[in-house]
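First the structure, in the form of structure tokens, and then the observations on it.
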Amino acid sequence: MSEESDILPTRQSMGGISDQLTGIPLYFPAERRWLIAMLFASALLLLLLVSAIELFARGVGIWGINIPVNWAFAIHNYVWWLGIGHAGTLISALLLLTGSEWRNSLNRFAETMTLFAVVCAGIYPILHLGRPWYVYWMFPYPATMGVWPQFRSPLEWDIWAVMTYLTVSLAFWYTGLIPDLAAARDRATRRGWQIFFGITALGWRGSARHWLRWSQTYRLMAGLAVPLVVSVHSEVSLLFAAGQIPGWHSTIFPPYFVLGAAFSGFAVVSIIAVALRSWFGLENLVTDDHLDVLGKVLLATGLMTAYGYVFEVFDALYSGEEHELQTLADRCTGAYAWTYWGAVIFNFIPLQALWWRLVRRTGWMLLLISVSVAIGMWLERYMILVTSLYRDFLVSSWSHFTPTFWDWSTYFGTIGLFLVPFLIAIRLIPMISISETKELLHEEKEEKHG
Amino acid sequence: MAEHLYGVLAEFESPERLLEATRQAMEAGYRDLDAFTPFPVEGLDRVVRLPRPTISFAGLGGAIAGAGAALLMQFYVNYDYPLNVGGRPVYAISAFAVVTFELTILFSALAMLIAMLWQNGLPRLNYPVFAAKRFHRASRDRFFLCVNAQDALFDERETRAFLSGIGALSVELVPK
Amino acid sequence: MKRRTCDQPPIARGPRVWAGIEELSADPEFQAFIDAEFPAVQELSKTARRQFLKLMGASFALAGLTGCEKSSFVAALPYVDQPDSETLGRPRYYATAVLLDGYAQPVIATTHAGRPTKLDGNPDHPVTQGRSDIFMQSAVLQLYDPDRANAPTRHGEPVSWTDVESAIGIMREGWRADQGEGARLLLGPTTSPTLLRQIDAFLKQFPKARVHTHAAAGLDERREIMAAVYGRRVDSNYELAVCDVVVGLDEDFLGPGPHQVRNALGWSQSRRRSSDRPGNRLFMAESVPSATGALADHRLIADAGRMPALAEALASAIGVVGASRPSLTEAEAGWIARVVGACSEHKGRSLFVSGLSGGAAAALWIARINQQFANAGQTLKLTDAITGPVGAATLAELASDISAGRVTSLVVIDCNPAYTAPGELALGEAFKRVRSSIHVGTQRDETGNLCEWQLPLAHALESWSDARAVDGTSTIIQPVISPFYDVRTTHQILAMLLGEVDPAADAAVRETWQNSFGDSFEARWKQALHDGFVEGKASFVTASPVAEAVAAPSAGGDLDIVFRPDPTVWDGQFANVGWLQELPKTLTTVTWSNVIGVSPALAARLSAANGDHVEVSVGTRRISGPLWITPGQADSTVALYLGYGRTRAGRVGDNLGYDAYQVRSDAEPWLTQGSLHKLASREDLAITQLHHRLEGFDLAREISPGQVKEASADQASLYPPWPSAKNAWGMVIDLDSCIGCNACVAACTAENNVPVVGPDQVRAGREMHWLRIARYYTGDIAEPRSFFEPVPCMHCEDAPCEMGCPVHATTHSPEGVNQMVYNRCIGTRTCSSYCPYKVRRFNFYDYRAPAESPTHAAHNPEVTVRSRGVMEKCTYCTQRIEAAHVAADKESRPIRDGDVVTACQQACPTKAIVFGDINDPNSEVARLKRDGRHYVLLEEQGTRPRTTYLARWREDDTG
Amino acid sequence: MVQNFSPVADTWLRLFLIGGLSLAGGSMIAVIGFARSAYMTDTDTRPHQPVPFSHRHHAGELGIDCRYCHSNVETGPQAGLPPTETCMTCHSQIWTNATMLEPVRKSLAMNTPIEWTRVAKLPDYVFFRHDIHIAKGVGCESCHGRIDQMALTYRAKAFTMQFCIDCHRDPGPHLRPQDHITDMAWQPSPRARKEGEEIAAHEGIRFGELTHCYVCHR
């Protein structure tokens with residue numbers, strides 16, 4: 001068997017992998033760099049805190065929204081974050097089912113990323129409320145009013161979809177984590193770590209029975225997670241498609257959104273993969289082959305998203321509906337044309353470089369392309385919201401939207417909300433699945449010695 | 001004699017060795033066996049003749065419960081205070097589909113997680129095998145076979161001898 | 001949690017409230033309170049912030065919707081001795097009148113627990129027939145204006161009325177000595193019989209005293225023109241109801257002003273005479289686009305200076321003796337040909353009118369044409385001028401007298417010459433030279449500030465007085481609320497000048513009517529108070545044009561500068577009324593400022609855009625303001641709007657826009673020549689509609705008589721039908737009748753406690769009006785065809801908004817009303833996102849007033865005042881629907897057509913808005929839904945709106 | 001050797017899990033209950049009044065009709081508190097010097113209203129009308145409870161939306177004949193529903209139209 005067929009270099013021992021990965025939390029290598037990152041992240045988080053206080057004290061008027069553009073940054077970033085939050089679970093679940101072995105080195109931090117991205121998304125629907133202190137009215141509880149939530153509303157669907165997605169992702173993530181926590185526990189020498197991993201590992205001891213039930217659960221969960229991922233973002237797309245606003249009211253939206261989500265998600269996964277591997281010297285586990293595959297997936301989803309763009313245009317032209325055409329014209333030439341063309345350029349131009357193997361296998365190139373995709377998708381969400389709302393049916397209601405300082409501060413704040421827990425997670429849990437990597441390594445060795 | 005014992009723990013350095021040893025132990029007539037490994041070892045369950053796990057049924061149960069709960073909830077709230085919402089029907093099945101689907105998945109997933117932990121008897125922080133000197137390698141790179149003291153054939157000395165006989169790197173007694 | 005305390009007479013605490021505000025706005029604690037109550041304030045700049053504090057004081061309604069669920073115990077105060085007539089929580093109605101330029105605007109005042117909350121036209125009155133305009137609607141807010149003068153002052157120091165009386169006593173000493181030599185009265189426009197009687201009495205006492213009058217908005221000039229033409233003081237009355245053809249030369253007879261309601265009623269009446277074609281035809285030649293011009297079937301764009309020539313050309317075309325045909329452009333000739341063609345077979349049923357900018361020159365020809373067509377006496381009726389007093393001198397004469405030192409004591413009554421006088425008279429300076437001066441007015445305004453004494457005047461709603469409506473019918477003005485400041489009526493002050501001591505409020509008025517009613521006084525007085533007017537219009541007189549040809553003023557300077565009263569603050573007297581400031585101006589939708597209107601071509605020549613500052617120079621005087629490109633304005637005509645740039649209007653109206661009076665000349669107050677050049681600076685105007693070209697959508701439809709066909713009102717739906725209740729409410733709006741006057745918007749604001757949000761929020765696109773009048777134009781921007789389209793909530797039966805709400809805050813009633821429940825709303829704004837018509841409004845901040853604001857008294861207790869973070873929108877005035885239900889249910893009878901009238905419908909001066917039960921096939925609204933012009937806005941969206949439209953008539957080109 | 005925990009640790013862990021779960025569940029139920037508690041709904045608390053007015057004495061023992069003092073109840077939205085004049089019609093004759101009544105006499109003398117504390121009140125965004133309820137056969141007692149037995153007045157029924165909506169959904173059983181409107185002791189007969197529906201039919205109550213939002217909220 002030749003090296004290429006192996007995604008992992010086979011000349012490394014199981015023990016080595018164990019020590020290397022559990023070593024990251026137990027004997028943290030990059031203290032200073034981490035502190036700097038943490039400082040930056042907490043600053044952003046503080047910004048979010050300030051923005052939120054300002055918001056609750058004074059009302060959503062501090063944002064640039066108005067009538068007709070009464071949804072902008074909040075919903076726009078909600079969709080963006082949720083989209084990013086889709087890669088993790090999708091990668092690990094889908095690839096687990098298809099048994100693609102290259103998943104093992106990526107799924108853990110991809111899933112972790114998902115969790116925090118979804119949290120970032122999840123706070124927006126609350127922040128953007130006019131009276132956030134009544135958010136609990138969206139849940140069915142026996143109120144003295146005798147009034148219930150309205151289950152025909154896409155917003156109501158949203159609440160349930162996001163809650164489900166967060167919970168299931170968490171369960172899936174934790175299930176996969178248990179054996180590794182045990183591994184860390186068994187490596188831990190300091191009492192504190194022993195107790196922490198001891199409890200979180202729930203007393204896992206890798207007994208044959210444990211493994212049997214665990215594998216079945218893990219696979220079945222993956223089986224559930226895949227349709228869930230698809231449903232959640234389809235549902236988010238209905239938030240718009242269910243409205244009659246030109247530029248929203250389209251059947252392409254669900255697939256269009258899901259693919260877009262996966263696209264942006266994979267981009268962020270690539271960013272994290274490249275970053276972590278160079279940070280913690282994980283080249284032996286996150287190999288160029290991994291980047292290569294990531295690059296291919298990114299390219300594929302990117303092209304599918306591009307198809308969505310093309311279809312949107314076709315849709316408008318084919319319908320021939322004057323307002324749809326008006327919206328199309330506004331997107332291409334209107335006041336916010338820069339978001340449309342920005343999205344097209346950032347999303348699809350650098351992407352084409354991924355046709356070359358060299359680019360795919362070079363960390364920093366992949367990183368740059370992924371960043372551009374993340375920006376592109378952000379612009380796309382902006383475009384979908386603002387250019388549809390600022391000029392809808394009645395000419396007399398046409399208006400404009402300009403984000404204020406608080407729009408931006410809230411957005412950047414959520415980046416802090418994402419980074420802080422992620423950085424903490426790096427220090428607490430093995431960022432790559434130990435047991436599965438070993439399994440893979442063992443299989444590869446098997447093949448070698450026939 | 002064996003009351004104070006949990007069993008005998010034998011260490012092997014590869015899954016293959018473990019499988020081989022287990023097979024021999026079974027042939028020797030030991031039944032109450034368990035193995036501790038860093039990752040699921042292919043085929044071990046067949047050798048030890050473990051029953052097929054029943055997590056999937058828990059999952060199914062959860063799914064049905066979820067779907068039922070969701071539909072019931074949505075129908076009830078519209079039955080309790082029927083309001084004309086944009087001329088849509090009171091019982092708008094198509095609109096209820098989304099939440100129903102989400103809850104189906106949610107309940108199912110949680111049911112399976114709980115079932116898995118329950119059947120595995122987790123969480124269980126204190127367990128005899130943890131007391132074994134070399135057990136910390138069970139999650140690293142060693143593969144352990146354990147003959148429980150409850151086993152009919154179990155005899156402290158003979159079992160030890162038998163295990164070291166089939167190529168264990170180390171054999172140790174695990175106290176209760 | 002603030003409370004409505006309806007069973008507490010709130011007026012009792014009026015003065016204390018006022019004092020409260022004065023002290024408070026400085027006090028830091030109050031600042032803190034404001035920051036809490038109005039978070040918006042903090043983000044405003046220091047000046048803007050001050051501005052906002054002012055605003056808030058002046059124009060927000062109070063209290064209401066705080067979400068706190070725990071209901072605490074609060075105080076309840078019963079009457080000590082309850083008036084027998086008072087039913088707690090039941091509104092009571094009084095017939096009285098408010099004033100505009102001295103003319104009575106007959107109203108029915110709605111009062112809750114003794115405080116007026118709403119004014120509507122008096123239905124029995126021949127002029128208003130229950131309809132109203134924006135000024136009438138807003139008068140009630142003016143009453144509660146916290147900036148009103150609340151006590152007499154001398155040199156700005158508060159004094160008592162006894163001081164005032166003794167001072168007047170001393171003056172009278174002087175006058176007695178020299179028979180009033182050097183005594184001068186300066187009157188605002190007035191029609192009050194009592195006031196005129198008192199003036200006469202005054203002149204009898206002091207024969208050498210003189211009376212001057214000053215009306216900024218054109219009353220005097222109109223009278224002068226008529227005098228020049230007919231040789232006597234007459235007013236012209238247009239009988240539009242019987243006209244087949246109306247031809248106007250720069251005369252915006254459907255625009256704002258005292259005559260608007262009557263003209264609009266008449267015009268729409270004849271316009272709607274038949275259902276298969278327009279009932280009349282309207283030709284307009286105008287320099288500056290106006291409401292009337294927007295409605296014209298054939299509109300000619302001509303510079304203001306051309307009007308006399310056009311008039312003469314018309315005359316000669318028609319064959320008026322002595323008219324010679326001046327040279328005309330092709331467009332002008334074509335238009336005149338059309339007019340002649342249209343009129344020739346309508347002798348006696350056509351009407352020619354000309355405006356102020358045409359001057360006497362145009363007016364004379366127009367008069368002769370009406371003569372020629374036998375319109376005089378038919379469609380054009382003349383009455384003796386009802387504004388007085390006869391033989392009063394002008395403002396210019398006063399100015400010259402003062403500078404000549406012939407004036408020792410001056411009493412300015414209910415006008416503000418220091419602001420409204422033409423700049424060249426420099427009256428402000430002059431006033432300083434008068435030894436003793438008294439200003440009598442509701443505000444301590446520019447003039448009041450210059451005068452030695454400022455005497456606070458009672459608001460019409462607090463006064464005993466009388467006045468005559470535009471048709472001459474007299475109205476006895478009775479107080480509907482006891483004055484809550486230390487104020488007096490004009491009549492009381494005149495009485496003081498006549499030597500009485502502490503005269504009773506109603507004495508003078510009673511005396512006047514004692515004389516005219518004679519023996520049957522008590523009965524007729526009661527009757528008059530009940531009806532709100534005294535039978536008997538001004539009798540018509542026949543007069544014919546006497547003057548020989550009047551020379552048109554010669555054109556000098558490169559541009560015609562025309563002056564127009566502002567569409568919403570008029571001559572400036574309403575500058576401190578927040579409701580009017582926030583009303584979008586009829587054609588521009590500009591709020592909170594006036595603009596300098598120019599044609600697209602001129603703007604292109606200047607390479608200037610909307611909001612760029614330009615400087616207008618007339619002779620040596622110059623002013624600068626923001627430019628506005630007006631589609632369809634004549635190329636070399638510049639329009640200046642009066643009423644802004646005030647410095648002592650109050651906290652709402654100060655320092656907005658520019659002061660056009662500065663460049664006004666006394667000789668040519670309405671049309672003069674000047675030049676224009678662009679400045680470097682610009683400003684961001686607060687406009688409510690950014691885009692006006694219709695872009696080819698059929699939102700505002702037209703239909704020509706040929707296309708009319710029976711329409712079916714029912715619209716298809718994919719959903720199974722919901723059972724309807726007995727009543728199904730619906731509305732039809734006739735685009736052919738809408739004159740874009742904003743009366744509906746103002747009425748809605750007053751009825752539904754719609755907050756004023758201020759210029760910054762309007763700029764941000766957050767105005768709160770539940771009903772907007774969309775202004776569109778089609779065709780070339782140089783010669784557009786304009787449309788008005790009122791857009792309230794459509795109350796869709798398959799409403800997208802309702803489907804979007806996650807908490808059942810907006811649902812559908814069995815009567816088909818799209819309900820918005822504020823106290824359930826959590827502010828997701830999904831409804832507004834989904835609304836294809838964007839008629840929902842959101843409280844981005846807390847727009848409510850603090851409890852201290854006196855304006856809370858104006859607020860309608862039947863409607864919740866919305867708090868921060870909730871959506872709101874048109875409710876079809878559900879409080880009125882429910883009231884009608886209760887009334888009907890108590891009598892166990894069905895609701896009759898006309899039992900429910902929405903505020904907008906009630907106000908509309910052209911009856912363009914019709915509301916009612918569409919389940920009742922005989923109801924007016926059901927009939928209109930079957931009309932041939934009926935159409936549904938965005939019907940293809942399948943929302944099945946209950947609010948629908950009647951298309952506007954377009955003339956077949958066969959004419 | 002990774003035996004990090006002693007056997008008791010497991011016991012503690014289990015206790016902790018069970019405790020946590022039951023705490024979460026319990027607090028939820030507690031909150032839902034609290035919203036209905038007498039504290040939140042202000043029932044059964046007797047606020048201090050300037051004059052310790054006893055409905056038991058006036059309405060109960062003396063049997064004065066509700067409408068004598070709350071004269072507005074049939075004609076207007078608000079039942080209305082009696083003006084001082086009304087109190088004095090009797091108390092100018094009896095108990096003329098009772099110290100208890102000092103505030104009343106003062107009110108009349110100084111012409112200032114008596115500052116009662118409102119007991120029965122609804123949130124601002126609820127627009128309730130007494131007159132129509134009276135006209136359609138809803139008795140005082142239905143909402144205000146046995147006023148005639150209250151020494152100091154208190155709120156007998158929790159004025160929650162649920163309370164209103166129950167009756168608006170199905171008025172039948174709650175209606176009574178006109179001559180029993182102010183009758184505190186009136187008991188619905190066994191055939192209450194049938195009689196109620198007769199009344200409803202006679203009064204032409206708009207069944208099904210009374211539960212939409214704008215009936216009470218504007």
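As the structure is a prediction and not an experimental result, all values here were calculated from the model. Throughout, protein chains are lettered first and strands after them, A, B, ... in sequence-line order, and every chain is numbered starting at 1.
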(request) Can you see which heavy atom on C/Gln819 is nearest to which on D/Cys213, and at what distance? (result) OE1-N, 3.3 Å
(request) Can you see which heavy atom on D/Tyr125 is nearest to which on C/Thr864, and at what distance? (result) CA-OG1, 4.0 Å
(message) Need one label for D/Gln49: side chain, backbone, both or neither, based on atoms under 4.5 Å from any heavy atom in chain C.
(response) neither
(request) Please determine, among C/Asn752, C/Thr811, C/Thr875, the option with the most heavy-atom pairs under 4.5 Å with chain D. (result) C/Thr875
(request) List the atom of C/Arg90, the atom of D/Thr75, and the distance in Å for their closest heavy-atom pair. (result) NH2-O, 2.6 Å
(message) Is there a side-chain contact between D/Arg218 and C/Tyr822 in this structure, where contact means two heavy atoms from C-beta onward sitting under 4.5 Å apart?
(response) no
(message) Any non-hydrogen side-chain atom of D/Tyr214 less than 4.5 Å from a side-chain atom of C/Val817?
(response) yes
(request) In plain terms, say whether D/Arg206 and C/Asp889 are close enough for a salt bridge, that is, a side-chain N and a carboxylate O under 4.0 Å apart. (result) yes
(request) Looking only at non-hydrogen atoms, find the nearest pair between C/Pro814 and D/Gly208 and report the distance. (result) CG-O, 4.3 Å
(request) Considering only heavy atoms and a distance below 4.5 Å, find which of D/Ala135, D/Gly204, D/Pro77 pairs most often with chain C. (result) D/Pro77
(request) Give the minimum heavy-atom separation between C/Lys890 and D/Ile132, together with the two atoms involved. (result) CG-CD1, 3.7 Å
(message) Less than 4.5 Å to any heavy atom of chain C: does that hold for the side chain of D/Thr86, its backbone, both, or neither?
(response) neither
(message) How about NE2 on D/His202, more than 12 heavy atoms from neighbouring residues, nucleotides or ligands closer than 6.0 Å, or not?
(response) no
(request) Find the one option among D/Pro83, D/Ser107, D/Pro82, D/Ala79 whose heavy-atom pairs under 4.5 Å with chain C are most numerous. (result) D/Pro83
(message) For C/Asn727, which atoms come within 4.5 Å of any heavy atom of chain D: side chain, backbone, both, or neither?
(response) neither
(request) Measure distances from C/Glu815 to the heavy atoms of chain D and classify the residue's part below 4.5 Å as side chain, backbone, both or neither. (result) side chain
(request) Search all heavy atoms of C/Ser892 against all heavy atoms of D/Lys136 and return the closest pair with its distance. (result) OG-NZ, 3.5 Å
